[in-house]
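For clarity, every value in this text was computed on a predicted model and none was experimentally measured. Counting begins at 1 with the first residue of the sequence. Reckoned from all heavy atoms, side chains included, excluding hydrogens, waters and symmetry mates.
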Amino acid sequence: MIVGMSSYSLANAIHSGEMSILDVMDWTKAQGGEHIEIVPIGYTLTDNNDLVQDIREKASGLELGLSNYAIGAEFLSGNNKDFQREIDRVKKEVDIANTLGVKRMRHDISFKPPNEASIEQFDRDLPKIVEACQEIADYAKQYEIVTSIENHGFYLQGSDRVNLIIKKVNRSNFGLTLDIGNFLCVDEDPYCAIQKCLDNTTMLHVKDFYVRQATTYSPGEGWFTSMGGKYLRGAITGHGDIDLRAILQVIKDSDYDSYVSIEFEGMEECKKASHISLQNVQNILNQL
């Protein structure tokens with residue numbers, strides 16, 4: 001497996017102006033990362049071809065892989081014109097992915113709050129979800145780019161939902177950016193859910209969470225609640241409550257042997273936390 005960093009992990013440093021995306025690439029290489037995932041948070045590549053070219057040239061100079069381009073999208077708000085307009089916008093992001101030289105691209109579909117995330121709503125939305133994913137995957141095929149969705153948020157999240165979308169989209173260049181921690185947001189056991197999704201996985205996010213039961217008092221700042229009311233907080237990878245060793249063993253024993261992207265979203269200082277997270281994952285994989 002090829003272990004590296006999501007630029008999202010350094011989002012706080014990017015937002016503050018301490019680092020640019022090019023600085024993050026230098027930093028990732030210095031930490032021993034083998035690739036970087038480009039997540040345009042704190043910067044944008046849309047209508048910014050100079051930065052796209054700078055990233056590509058920087059990666060080449062560093063001999064740092066560009067693994068994935070991950071963007072936001074929202075297909076399920078508005079009318080049919082809005083739906084097609086968003087598909088067309090995402091196609092332009094596919095063009096950017098091609099200019100970057102990546103062969104993987106994750107796009108979102110929709111985010112709904114827990115009170116709107118029922119299985120009945122999912123069933124009503126499924127035809128539109130499938131249509132959007134098919135059209136974007138078909139467009140990306142000309143570039144030999146594999147598109148994907150991710151299990152995150154509260155709506156398009158659990159293993160059964162994402163696997164059903166992938167089955168119905170039925171495109172050879174469409175799959176799942178599998179985040180090992182996010183299943184906790186819908187109270188699904190990560191160890192079990194990951195095994196159900198590995199056959200569809202095209203990109204892997206490794207993150208960690210602290211977990212407290214819903215019956216405990218509110219832990220305060222930095223925590224959010226799962227669908228079932230458990231308290232969750234982002235952790236340095238390897239410091240939280242996810243059984244990282246067992247999960248990485250299952251992944252290593254599977255056919256997946258591609259990019260592993262560290263995704264830190266905790267309260268600690270992001271550079272130190274991301275460094276420790278990367279070291280921990282590398283150490284565990286070397287020991288397995």
J.: For Thr46 and Arg89, does a side-chain donor sit closer than 3.5 Å to a side-chain acceptor?
T.: no
J.: If hydrophobic clusters are built by linking Ile, Leu, Val, Met, Phe, Trp and Tyr wherever their side-chain heavy atoms come under 4.5 Å apart, do Val102 and Leu22 end up in the same one?
T.: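 Result: yes, single cluster for both.
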J.: Determine, using the 4.5 Å side-chain heavy-atom cutoff (strictly less than), whether Phe264 and Met25 are members of one ILVMFWY cluster.
T.: no
J.: Ignoring hydrogens and angles, state whether a donor on the side chain of Ser6 or Ser261 is under 3.5 Å from an acceptor on the partner side chain.
T.: no
J.: Report whether Val146 and Ile71 are members of the same hydrophobic cluster (ILVMFWY, side-chain heavy atoms less than 4.5 Å apart, transitive linking).
T.: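 Each belongs to a different hydrophobic cluster.
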J.: By the definition side-chain contact (heavy atoms from CB on, under 4.5 Å), identify the one residue from Ile136, Ile165, Asn200 that meets it with Phe174.
T.: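 With Phe174 as partner, Ile136, Ile165, Asn200 yield a single side-chain contact (heavy atoms from CB on, under 4.5 Å), made by Ile165.
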J.: Measure centre to centre between the rings of His152 and Phe111, then say whether the value is under 6.0 Å.
T.: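 Aromatic pair counts; centres sit under 6.0 Å.
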J.: Any heavy-atom pair between the side chains of Val186 and Ser226 that's under 4.5 Å?
T.: no
J.: Of all heavy-atom pairs between His35 and Val260, which one has the smallest distance, and what is that distance?
T.: NE2-O, 2.8 Å
J.: Between Asp160 and Lys196, is the salt bridge (charged side-chain N to carboxylate O under 4.0 Å, His left out) condition met? List the steps.
T.: CA-CA 8 Å; Asp160 289 339; Lys196 293 167 66 175; 2.9 Å; yes
J.: Check whether any side-chain N or O of Thr99 sits under 3.5 Å from a backbone N or O of Asp95 as a donor-acceptor pair, and report yes or no.
T.: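 A pair under 3.5 Å: yes.
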J.: So which atom in Gly228 and which in Ala214 form the shortest heavy-atom distance, rounded to 0.1 Å?
T.: O-CB, 4.1 Å
J.: Using a 3.5 Å distance criterion without hydrogens, assess whether the side chain of Thr201 forms a donor-acceptor pair with backbone atoms of Cys197.
T.: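 Yes, Thr201 side chain to Cys197 backbone: donor-acceptor pair under 3.5 Å.
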J.: So, Glu116 and Tyr155: side-chain donor and acceptor under 3.5 Å apart, yes or no?
T.: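 Their side chains do not contain a donor-acceptor pair, so the 3.5 Å distance test is not met.
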J.: Taking Ser60 for its side chain and Glu57 for its backbone only, find out whether a donor-acceptor pair lies under 3.5 Å.
T.: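 No, because the side chain of Ser60 does not come within donor-acceptor range (under 3.5 Å) of the backbone of Glu57.
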J.: With respect to Asp241, which candidate in Lys230, Arg212, Arg233 satisfies the salt bridge (Lys or Arg N to Asp or Glu O under 4.0 Å) definition?
T.: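 When salt bridge (Lys or Arg N to Asp or Glu O under 4.0 Å) is applied between Asp241 and each of Lys230, Arg212, Arg233, only Arg212 qualifies.
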J.: Side chains of Arg171 and Asp138: does their closest heavy-atom pair fall under 4.5 Å?
T.: yes
J.: Return the minimal non-hydrogen interatomic distance between Leu100 and Arg56, and the atom names on each side.
T.: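 In terms of heavy atoms, the two residues are closest at O-CD, 3.5 Å.
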J.: Would you check if there is a donor-acceptor pair between the side chains of Asn173 and Lys103 at a distance under 3.5 Å?
T.: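 Asn173 and Lys103 do not have a side-chain donor-acceptor pair below 3.5 Å.
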J.: Do Asp208 and Thr237 pair up side chain to side chain, a donor and an acceptor below 3.5 Å, judged on atom types alone?
T.: no
J.: For the pair Gln157 (side chain) and Asn182 (backbone), establish whether a donor and an acceptor sit closer than 3.5 Å, ignoring hydrogens and angles.
T.: yes
J.: Does atom NZ of Lys252 have more than 12 heavy-atom neighbours, drawn from other residues, nucleotides or ligands, at distances under 6.0 Å?
T.: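 Buried by this count: over 12 neighbours within 6.0 Å.
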J.: Looking only at heavy atoms, what is the nearest atom pair of Ile41 and Ile14, with distance?
T.: O-CG2, 4.0 Å
J.: Taking Asn12 for its side chain and Cys270 for its backbone only, find out whether a donor-acceptor pair lies under 3.5 Å.
T.: no
J.: Would you please classify the geometry between the Phe75 ring and the His107 ring as parallel, tilted or perpendicular, with 30° and 60° separating the classes?
T.: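 His107 and Phe75: perpendicular rings.
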J.: Using only atom types and a distance under 3.5 Å, with no angle test, would you say the side chain of Tyr143 pairs donor to acceptor with the backbone of Tyr139?
T.: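 Side chain of Tyr143 to backbone of Tyr139: no pair is present.
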J.: Identify whether Tyr259 and Tyr8 are in the same connected component of the hydrophobic contact network (ILVMFWY, side-chain heavy atoms under 4.5 Å).
T.: no
J.: Under a plain distance cut-off of 3.5 Å, with no hydrogens placed, do Gln279 and Asn283 share a side-chain donor-acceptor pair?
T.: no
J.: Going through the distances and angles, do Lys271 and Glu18 end up as a salt bridge (charged side-chain N to carboxylate O under 4.0 Å, His left out)?
T.: CA-CA 11 Å; Lys271 297 192 302 300; Glu18 179 186 355; 2.6 Å; yes
J.: How far apart are the C-alpha atoms of Asp26 and Leu64, what are their side-chain angles, what is the distance that settles it, and do they pass the side chain to side chain contact (heavy atoms under 4.5 Å, CB included) test?
T.: CA-CA 9 Å; Asp26 282 324; Leu64 179 69; over 6 Å; no
J.: Do side-chain atoms of Arg85 reach the backbone of Phe83 as a donor and acceptor pair under 3.5 angstrom?
T.: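 Checked: no pair found.
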J.: Would you say the side chains of Gln84 and Asn80 form a donor-acceptor pair under 3.5 Å?
T.: no
J.: Show, in sequence, the C-alpha distance, side-chain angles and deciding distance for Glu265 and Lys207, and conclude whether the side chain to side chain contact (heavy atoms under 4.5 Å, CB included) test is met.
T.: CA-CA 8 Å; Glu265 56 183 24; Lys207 72 162 54 134; 3.4 Å; yes
J.: Under 3.5 Å, is there a donor-acceptor pair between the side chain of Glu188 and the main chain of Gly158?
T.: no
J.: With no hydrogens and no angle check, do the side chains of His205 and Glu37 hold a donor and an acceptor under 3.5 Å apart?
T.: yes
J.: Taking Gly238's backbone N and O only, do any of them form a donor-acceptor pair with Asn280's side chain (distance below 3.5 Å, no angle check)?
T.: no
J.: Assess the side chains of Gln121 and Asp125: does a donor N or O sit below 3.5 Å from an acceptor N or O?
T.: yes
J.: Just wondering, are more than 12 heavy atoms of other shown residues or ligands nearer than 6.0 Å to CG in Asp255?
T.: no
J.: Do you know which two heavy atoms are closest between Ile276 and His239, and how far apart they sit?
T.: CG2-NE2, 3.8 Å
J.: Are the side chain of Asp179 and the backbone N or O of Gly181 linked by a donor-acceptor pair below 3.5 Å?
T.: yes
J.: Can you name the nearest heavy-atom pair linking Ser7 to Tyr43, along with the distance?
T.: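 Distance-wise, the nearest heavy atoms are OG-OH, 3.0 Å.
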J.: Are Ile129 and Val94 connected into the same hydrophobic cluster when the rule is that any two of I, L, V, M, F, W, Y join if their side-chain heavy atoms are below 4.5 Å apart?
T.: yes
J.: Can you confirm whether more than 12 heavy atoms, excluding those of Asn286, are under 6.0 Å from its CG atom?
T.: yes
J.: Any side-chain heavy-atom pair from Arg245 and Asp243 closer than 4.5 angstrom?
T.: yes
J.: Verify the neighbour count for atom CD of Gln142: are there more than 12 heavy atoms of other residues, nucleotides or ligands below 6.0 Å?
T.: yes
J.: Hey, does Met5 have a side-chain heavy atom less than 4.5 Å from the side chain of Ser274?
T.: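 The answer is yes; the side chains approach within 4.5 Å.
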J.: Verify salt bridge (charged side-chain N to carboxylate O under 4.0 Å, His left out) between Glu93 and Lys91, making sure each step is shown before the conclusion.
T.: CA-CA 5 Å; Glu93 297 287 348; Lys91 286 180 179 178; over 6 Å; no
J.: Determine whether Ser67 and Ile2 make a side-chain contact, defined as any pair of heavy atoms from C-beta on separated by less than 4.5 Å.
T.: no
J.: More than 12 heavy atoms of other residues, nucleotides or ligands under 6.0 Å from CG of Asp23: yes or no?
T.: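 Enclosed: over 12 neighbouring heavy atoms sit under 6.0 Å from CG of Asp23.
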J.: Would the number of heavy atoms belonging to other residues, nucleotides or ligands and lying under 6.0 Å from CD of Gln287 be above 12?
T.: yes
